[in-house]
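Read through the structure below, which is laid out as structure tokens, and then see the notes.
Throughout, numbering of the chain's residues begins at 1 and tracks the sequence.
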Amino acid sequence: MPRNKYPEETVQKILDASMKLFLEKGYEETTVLDIVDELEGLSRGAFYHHFKSKEEVLDALGTKLFWDNNPFEKVMAEKELTGLEKIKKVIKLSLQNEDQQKVGVMSISLLENPRILAEFMESNQTVAAKLFEKLFQEAIEDGSIKDIKYPKALPSLFTLLLNVWLPPAIFPGSKAEVLERLYLMKDILDLIGVPVIDDETLGYVKKTLETILTE
């Protein structure tokens with residue numbers, strides 16, 4: 001079989017077909033063979049040339065959905081917003097992205113894989129925290145966030161609370177327990193002068209938890 005001159009196109013086709021099947025059949029019920037069958041002319045060998053498993057496909061889908069709809073890029077273009085308002089909007093835009101939320105729910109089981117969990121933790125600090133750092137710095141400079149004693153540590157703490165401590169994928173808990181974490185996180189941030197979780201954001205987070213957790 002001749003080498004594909006456009007491997008990025010093959011990857012995109014695999015991701016598109018996988019997303020369609022994951023949403024239609026569910027992640028657990030979809031097999032690599034299903035994905036290959038969905039793509040006429042693609043062999044199993046071609047699939048495994050780009051991805052070692054369907055877990056890698058799901059991981060790549062989550063990354064792609066984030067960068068294709070990067071909320072940080074969107075809010076940075078909104079010059080009329082304060083830094084604090086931009087941080088709030090990033091959280092809301094992330095929660096409003098239905099495909100990203102669905103893939104996020106599917107990805108819960110991936111975090112049982114030590115390698116994927118380690119990569120997630122690393123990207124949380126090397127990517128997410130760095131993106132939030134710019135917005136926190138802007139908020140401090142424009143005065144929408146005041147009297148921050150430890151501005152360098154703030155973005156790291158915030159992303160750990162938001163992306164690691166709060167999600168039940170890493171710290172399992174019932175709906176009531178996770179909601180208690182959410183309210184505690186809000187109180188902690190309010191106490192240190194970072195009121196980023198307002199009633200609207202609380203509503204979005206609760207709605208997201210409804211799709212993930214039962215009582």
Checking Asp190 now: which residues fulfil side-chain hydrogen bond (donor to acceptor under 3.5 Å, both in side chains) with it, not counting sequence neighbours?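 With neighbours one apart ignored, the set is Lys186.
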
Atom [atom1] of [X] with >12 non-hydrogen neighbours under 6.0 angstrom:
| X | atom1 | result |
| --- | --- | --- |
| Lys13 | NZ | no |
| Asp68 | CG | yes |
| Glu119 | CD | yes |
| Glu56 | CD | yes |
| Glu40 | CD | no |

Determine yes or no for a side-chain-to-main-chain donor-acceptor pair under 3.5 angstrom, with [X] supplying the side chain and [Y] the backbone.
| X | Y | result |
| --- | --- | --- |
| Lys54 | Thr30 | yes |
| Arg181 | Trp165 | yes |
| Asp142 | Thr82 | no |
| Lys146 | Gly143 | yes |
| Asn69 | Leu65 | yes |
| Glu85 | Leu81 | no |

At what distance, to the nearest 0.5 angstrom, does [atom1] of [X] lie from [atom2] of [Y]?
| X | Y | atom1 | atom2 | value |
| --- | --- | --- | --- | --- |
| Phe66 | Leu131 | CZ | CG | 5.5 Å |
| Leu161 | Leu166 | CG | CG | 8.5 Å |
| Glu180 | Met185 | CD | CE | 15.0 Å |
| Asp147 | Ile192 | CG | CD1 | 12.0 Å |
| Asn124 | Thr159 | CG | OG1 | 4.5 Å |
| Glu55 | Asp59 | CD | CG | 10.0 Å |

Would Leu162 and Phe132 count as a side chain to side chain contact (heavy atoms under 4.5 Å, CB included) here? Give the steps. CA-CA 11 Å; Leu162 183 67; Phe132 272 117; 4.1 Å; yes

Taking only Lys NZ, Arg NE, NH1 and NH2, and the carboxylate oxygens of Asp or Glu, determine whether Lys134 and Glu138 approach each other closer than 4.0 Å.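 Judged by the 4.0 Å cut-off on N to carboxylate O distance, Lys134 and Glu138 do not form a salt bridge.
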
Show which side-chain atoms of residues 14-25 pair as donor or acceptor with protein atoms under 3.5 Å away, not counting sequence neighbours.
unit_1	atom_1	unit_2	atom_2	d
Asp16	OD1	Gln12	NE2	2.7
Asp16	OD2	Gln12	NE2	3.3
Ser18	OG	Ile14	O	2.7
Lys20	NZ	Glu24	OE1	3.4
Lys20	NZ	Glu24	OE2	3.2
Lys20	NZ	Glu38	OE2	3.1
Lys25	NZ	Asp34	OD2	2.8

How close do Ser144 and Gly83 get, heavy atom to heavy atom, and via which atoms?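 In terms of heavy atoms, the two residues are closest at OG-N, 3.6 Å.
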
For Pro167 versus Asn163, what's the shortest heavy-atom pair and its separation?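 Taking every non-hydrogen atom into account, CG-O, 3.3 Å.
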
I'd like a table of donor-acceptor pairs (distance under 3.5 Å, sequence neighbours excluded) in which one partner is a side-chain atom from residues 150-157, with atom names and distances.
unit_1	atom_1	unit_2	atom_2	d
Ser156	OG	Gln125	OE1	2.6

Decide whether Val90 and Trp67 are clustered together by the hydrophobic rule: side chain heavy atoms of Ile, Leu, Val, Met, Phe, Trp, Tyr closer than 4.5 Å, transitively.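 Yes; tracing contacts between hydrophobic side chains, which count when under 4.5 Å, links both residues.
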
Evaluate Thr10 against Phe47 for side chain to side chain contact (heavy atoms under 4.5 Å, CB included), listing each step before the verdict. CA-CA 9 Å; Thr10 301; Phe47 174 92; over 6 Å; no

Please determine whether side chain to side chain contact (heavy atoms under 4.5 Å, CB included) holds for the pair Ile197 and Tyr183, giving the CA-CA distance in whole Å, both sets of side-chain angles, and the decisive distance to 0.1 Å. CA-CA 9 Å; Ile197 301 179; Tyr183 286 116; over 6 Å; no

Verify side chain to side chain contact (heavy atoms under 4.5 Å, CB included) between Val196 and Thr201, making sure each step is shown before the conclusion. CA-CA 8 Å; Val196 296; Thr201 303; over 6 Å; no

So do the side chains of Val57 and His50 get within less than 4.5 Å of each other, counting heavy atoms only?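 When only atoms from C-beta onward are counted, His50 and Val57 do not touch, as no gap falls below 4.5 Å.
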
Any side-chain heavy atom of Val11 within less than 4.5 Å of one from Phe51?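 Side chain of Val11 against side chain of Phe51, heavy atoms only: contact under 4.5 Å found.
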
